[in-house]
Amino acid sequence: MKQRILIAIVVVLLVLLAFGPLIAPHDPNLVDLTARLQPPGWEHWFGTDQLGRDVFSRILTGGQTTVGLTVLALAISVVIGVPIGLIAGFRGGRLDWALMRVVDAFMALPEYIVAMIIAGILGAGFGNLVLAIVIVKWVGYARLTRSVVMQEKAKDYLQVSTISGASTFSILRRHMMPHVIGPVLALATLDIGKVILLVASLSYLGLGVQPPAPEWGSMLNEAQTYFVTAPYLMIIPGCAILIVVVAANWLGDQLQQRYATGGARKEDVDVAA
Amino acid sequence: MSPVLEIRDLVKTYGDVRAVDGVSLTVGPGECLGIVGESGSGKSTLARCLLTLERPDSGDVLLEGRSLVGLRGGALKESRQRLQVVFQNPASSFNSKLTMFESLMEPLRIRGDVCPSFVDPGTPREVAVRLLDLVQLPKSVLDRKPGELSGGEKQRVAIARAISVEPTLMVFDEPTASLDVSIQARVLNLLQDLKDRLGISAVFISHDLSAVQFMSERSIVLRGGRIVDEFHRDELFDDGRDSYTRELIRLFED
Amino acid sequence: MSLLEISGLRVSTATQELVHGIDLTIDKGEWLAVIGESGSGKSVSAFSIADLLPRGLTRTADRLMFDGADLLTLSKAGYRELRGNRIAYVFQDYQQAFSPYYRIGKQLDEVLKAHTDWKPERRREHAAATLERLSLPGDLLHRYPFQVSGGQLQRAALAAAILLDPALIIADEPTTALDAVNASLVLDQLADIQKEKGCSVLFITHNLRLAGKFADTMAIMQDGCVKERGTVSDIFTAPKAAITRNLIAAIPPLRNIPARLPVALEGVA
Amino acid sequence: MVALKKLGEGLVFLWLLTLVAFAVVKLAPGDVVLSMLRIDTVAVTNEQIEALREELGLNMPIWQQYLAYLGSLAHLDFGTSAMTGQPVIAEIGKAFPATLMLAGYALALALILAAILGAVGARFAGRWPDRGVLAFCMLGASIPTFWLALVMLNVFSVRLGVVPSMGMGDGGMILPTVALAFAVAPPYIKILRNSLIESQDLDFVRASRSRGLGEQVIFFRHILRASLIPVVTIAGVSLGSLLGGTVVVEKIFGIPGVGKLMLEALTRRDYAVIQAFIILIGVIVFLINTLVDLSYRWLDPAISLKGKARA
Amino acid sequence: ACGSGSSDSTADATAADKTLNFVTVYPANTTDAHQVQASFILNSGAVETLVGFDPDTLELYPWLAESWDTDDAQHWTFHLREGVEFHNGEPMTAEKVMASLQDSIDVNPGVAAALTIDSMEVVDEHTLSITTADVYPALISNLVHFNAVITDVDAEGDLPVGTGAFKFDSFDIAGEAVLSRNDSYWDGTAKLDKVVMTANEDSNARVMALQSGDADIIYRPGLESLPTLEADESLTVDTVSGTRVYHLLYNYSGANADLWNNEEFRRGIDALVDRQSIVDTVMGGQATVAYNVFPGDWPFSPETTEHEFGVEAALQHFEAAGLDVADGKVTRDGQPLSLKMATYVARAELPQIAQIVQDQARQVGIDMEIYVAENIDEYLPQGDWDLVTYSLLTISRGDGAFFLNSAFGADAAQNHGRLDDPTLQSMLDAFNKEVDVDSRTEQTREIAEYIDAEAYNSYITVPNESAAFKDTVTGWKTPANEFEFQMITKDLDIN
Ligand SMILES: Nc1ncnc2c1ncn2[C@@H]1O[C@H](COP(=O)(O)OP(=O)(O)OP(=O)(O)O)[C@@H](O)[C@H]1O
Ligand SMILES: Nc1ncnc2c1ncn2[C@@H]1O[C@H](COP(=O)(O)OP(=O)(O)OP(=O)(O)O)[C@@H](O)[C@H]1O
Ligand SMILES: [Mg+2]
Ligand SMILES: [Mg+2]
């Protein structure tokens, strides 16, 4: 029952994300200086910001930027991390050692800090933000994939395949990938929440997506100055982030419970996350 | 007749452990050689070396007169395909994400073979059903995942998979160790049948003297990586057996 | 005189009954082997004796008497006193018999500490003596469980069980994780102790050969019920239940090897 | 043997770290020259900018710069801050205590929370207190730290006025600590709870029970010991979110720590500071991981002794 | 018992101790007054420069230098004030002043560039002669720079040892600076006993500090909090017009150079800037509208000519510029115009101004893409932009030289649009050689008028500078910017 309510919430969120710009009652970028900083009300459900733009519409359109950026960055991370993890885990030996040292070096620096430094040095912007996220995130997928592969590698069926003449590539594709997909998906879902938070933090530090593009993190950044006088400007995007992150975390937890037992050890998923 | 498998002075060490310490043996055509020994005596290591899954430190492994040691690439792949193996643990012998059909047909698919000579030709699915027939399993097994089968059933699919490519040599590494006695009996019977019917040469490894005795005409006893005794099925109770063999006999006598 | 008397023992989960009212008695000094296929309810029956059922399982019984005491009304503290002291268990998985974080000696000591008020000196001596009785090297006390071979570790678990000369040792498939050679060694030693101390043994296994070799009496279980009960010789010479006959036939012999092993029910595995 | 290998890995790691630190800075557009010339208050020409660049060696070939960098690092010379002319070491040394204090308080609070809530969750697994704990974890993992900090600042400092808004003494650390702990605690709570629950069904716990050990002995010696391993594991990992969190929290509450120093160095392109910061963080993480490794060895003797047992 | 200023009784002293808590914006990043990036140390009132800058008149006045003279604006003689002592009791001599200036030049390339001193010589104990590399009338004005403050560089310890009315007791750059009265101050003694000065870049935090009573004075409260503060009976908000101008720079050498080199086009864009709205909304009313480089009524401010604003006016200019105008939209060769507008977050209002301009431009069919640069001065030289919201001090240290040279010199670092107008350049060259103060003023005005006539930049607004303080504070003077003035002065008092 509760499960169903939560699934319904996730579906509603997805619909809002997908069709947000269509639903939005106002142009999210329309500046109306006569209607600045209006508190939430009938005309503007979530009020207006310092330039009189409709916050409700900006939240709706902004979700696409925030979540889209996150998903894009994670997709790239998966595409980079998984093959590296597959090869490192499967080949083992010196290659694995070398790759894992590289991974260690990336892991050694906390992702928040690395992302901050990269975004700080390269400057704000969509592309740089994605780059910063990919740089800190691919490692987790490489690690997770590797641990799944190492665990499966110990099983006899791989030896049977090897003896039967299967090539490394086909073993990776046919035998390893099915095991990898679940945990990676679970981790990616959990990461959605984390990355949204990361983006928001970077935006708070002024390293986020550029205005006027509505993006939750940068909306928070703009709202900062009005925190005392117009707290709703900060509360609303904050809650939007909170809700989406909670939903993503919940979904990730579900996926993880489902896959962690069959695939990687649970801590691996937790830890890599 | 020249032996199918010949192992010469094989040594394999892990760090300081000499897991296999100078083993030589031969397996003739159609013969099933038994290997008994307690845990850690080097049985599996020996098996992995002859399956080319492990590179020995020294010594040679010859399959039908051709050395397997040091082969690479295509030659290695070609030689490997004439070997097959059934492992001890049926749970780990199958990819938990694939259906039994996919797992069963994998060796044939890789070889690009249509069908082994001992069953009637047909579509892959028909061939699979006929292979399952041989190990007395219903075709409903094909669409299940390993988790939905019992250990004995999985082990029988593993056997069907191994014989499907008509290997020159089969290795059974404790295929019944994790099974109940009654299921073990069933699997042993099945192996005996198939061996006779297909005339495959085999190595049968077990720590259970009675199972080895049942399967093999000729057996060797391994201890600490060395062969300490070798006997024909009828010679087991002869005088002059090695003391370790006598100890084993005592444990298994009723 | 019977040491343990069980009658009408039932074990159930919230939804389902696993053991359907079994009766068993063990006399003082008796070695009873409980045989049965996997999942027949051997373990849960054994656990229910000393109230060790995992969470979610409950037991009921008409009668559950141990050495004159009613186990059905025994307090938690009473059970704690009973376990390890009067009734001892040896489980199947030797790897998990001890906590991986403490030396074996320490863990034996813990047991002695829980049940006696002996001085450390005496506890240490007693633990060492017990190991020696099982012909285990004395330095085992200073080793961690993973530093010991499988056969030795299972014997160390046996040592933990016999530390306080229990009246009943419940051995739940104590050798299935060991190879045949080590399995026999462990059981040989259990047999020695039983002879020496005159304690009773409840030996759970699905290996009929081992049961026949070591036990005095046997009970054969199937689907949560006891199907047959009797002395070892009776059962081997004149098995009554079909399951018993199947199990006996399945053992490969060392001499006069048949071409096929007799298997009763084809097509079921 | 093991120590030697660790040392080797440590050196390789350190070298990689210098490479990263150097590369990050060289890949970055811009340099410290504009800031050094105070272009927002002094009229300068592009010619003067180029001249200063030349003087600072910023126009040398990249590999020469790297070698020079390695050379000075070998003498433990992390360079001079272009912003202050002070040795970078001194700069970081001055900022470090505040960060350490903040991180330390927050970690301590997070661990206390974890111990209490983890135990409560495990004790009442599946029932409402446990659900509450899980909900708390979910919330904690989903709230943006800076947002929480600002909300708390607004509520407790501005509207209620119960704690000071800034500064380090007299309860000024309360809000930053709480905000940070709230972000750091959830994984600890969850892991501790889960592993407490899992450990209760471990076979050796059962074996101990069958030997008649008291429940307290079983819990404190056997279950807790097993549960600590995953907790220690994430201690290494959560360090990242802790340090990342301190940056944000330091900025919000005006705490003069390393994070704030780094943010300033970033805007002013004070690369010597950024490089030293990268290396410092790397070394801290490495030390913590080594510590985690060592504590594994203490918590789980199998890790340190297995090699020996086999050899 | 409390007769004259000196109080030996400790009990009495603590009771009478007047301590003021001041929160400014940018913290010092070092205690070295010659290297510090922010003006924290100058603001603290512990140090002084040779030449002072009057916050009321925006005129230079003799400070530590009593007077100076030069014939050619290259060879200068400075007569130092006599009887001035550093906080450590050392007299301020020409020797010390020279050492201090030399240190500034050595450690600070910015000061070196600002002063262009070729050589210095001690003439006598209180006379210092300075030779600049070239004719350089701007020297006097540049001596006001906060890194050119005079300290005793031979003094021990980390604390800046200056000549000001207050001296540092302790100075934790990360935390607070504690200053106490310098009893031997040359210009009379201060009213306060102690000043605790801290910095916090978060305007919310500063406001909260004032509201909670932790601070007595805060510099630059956030715009949005002004109404709240003003409503508070116990607080005073003081606001003055600043010396910074927000403006638009155009890129004369980028992809759309042809457009920007067209004066009518520039006027068209200028007409899209809704200055009044920006002042009312973005600036929260805390600013004045600007049309030229030096808005206000400073000596060198040109006559204010208002610019027309509105879509109609813009379209007329665009049409005059040769672009196609139809249906109220402007196109070029049938294509809509699309421009890239850079902005940056260091000044929070600039991105908002950019958004307002963007919104206006959309009404005439011009699509402006906003790019927020992390470090604007690094981004702009890359050239990939059309216009940028920018901010500089235009009236710096009482003189237009900084801004004009910085923003319009042919090779100037901040001539980001690479404007190259020979007429303007020759006017600038002449100005840079002009020694006579009145002539300089005249020329500055002429240059400003020329820039306005050509519409080279679009000047938008001058933000106010403000401070808020408790009613108990007296003697506070809100400076027009943070770089050029002491904030803690001897006149400051708290009751
Ligand atoms: N990969 C390995 N690394 C290190 N030592 C190994 C490895 N594989 C096997 N050994 C060691 O080699 C010896 C022989 O092992 P092997 O697995 O061949 O024995 P086995 O006879 O098959 O035992 P079992 O009956 O338990 O399967 C053992 O001492 C074992 O510990
Ligand atoms: N904790 C539990 N919850 C629910 N069902 C259980 C639980 N433990 C055991 N069962 C079920 O009870 C039945 C009897 O289990 P039990 O472990 O006693 O079998 P067994 O005879 O000991 O088998 P094996 O030889 O495999 O140990 C099985 O069907 C099993 O699935
Ligand atoms: Mg083996
Ligand atoms: Mg059982």
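Each chain gets a letter, A, B and so on, in the order the sequences are listed, and its residues count up from 1. Just so it is clear, the values below take in all heavy atoms, side chains as well, and ignore hydrogens, waters and symmetry mates.
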Contacting moiety of [X], where chain C heavy atoms sit under 4.5 Å:
| X | answer |
| --- | --- |
| B:Gln184 | side chain |
| B:Asp193 | side chain |
| B:Gln192 | side chain |

*Between C:Lys42 and C:Asp172, is the closest basic N to carboxylate O distance under 4.0 Å?*
no

_B:Arg250/C:Asp188 ion pair, N-O < 4.0 Å_ = yes

*How about B:Arg144: does its CZ atom have over 12 heavy atoms from other parts shown lying under 6.0 Å from it?*
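Above 12, so yes.
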
*Mind ranking B:Ser210, B:Ser206, B:Gly37 by heavy-atom pairs under 4.5 Å with chain C and telling me who comes out on top?*
B:Ser210

*Quick one: which of B:Leu209, B:Leu248, B:Asp208, B:Leu137 has the most heavy-atom pairs under 4.5 Å with chain C, could you say?*
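Heavy-atom pairs under 4.5 Å are most numerous for B:Leu209.
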
*asked:* Between C:Ala259 and chain B, with a heavy-atom cut-off of 4.5 Å, which part of the residue counts as in contact: side chain, backbone, both or neither?
replied: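 It is the backbone, since no side chain atom gets that close.
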
_Heavy-atom closest contact (C:Pro100 atom, C:Phe146 atom, distance)_ = O-CE2, 3.9 Å

*Strictly by modelled atom types, are C:Gln189 and C:Ser135 linked by a side-chain donor-acceptor pair under 3.5 Å?*
yes

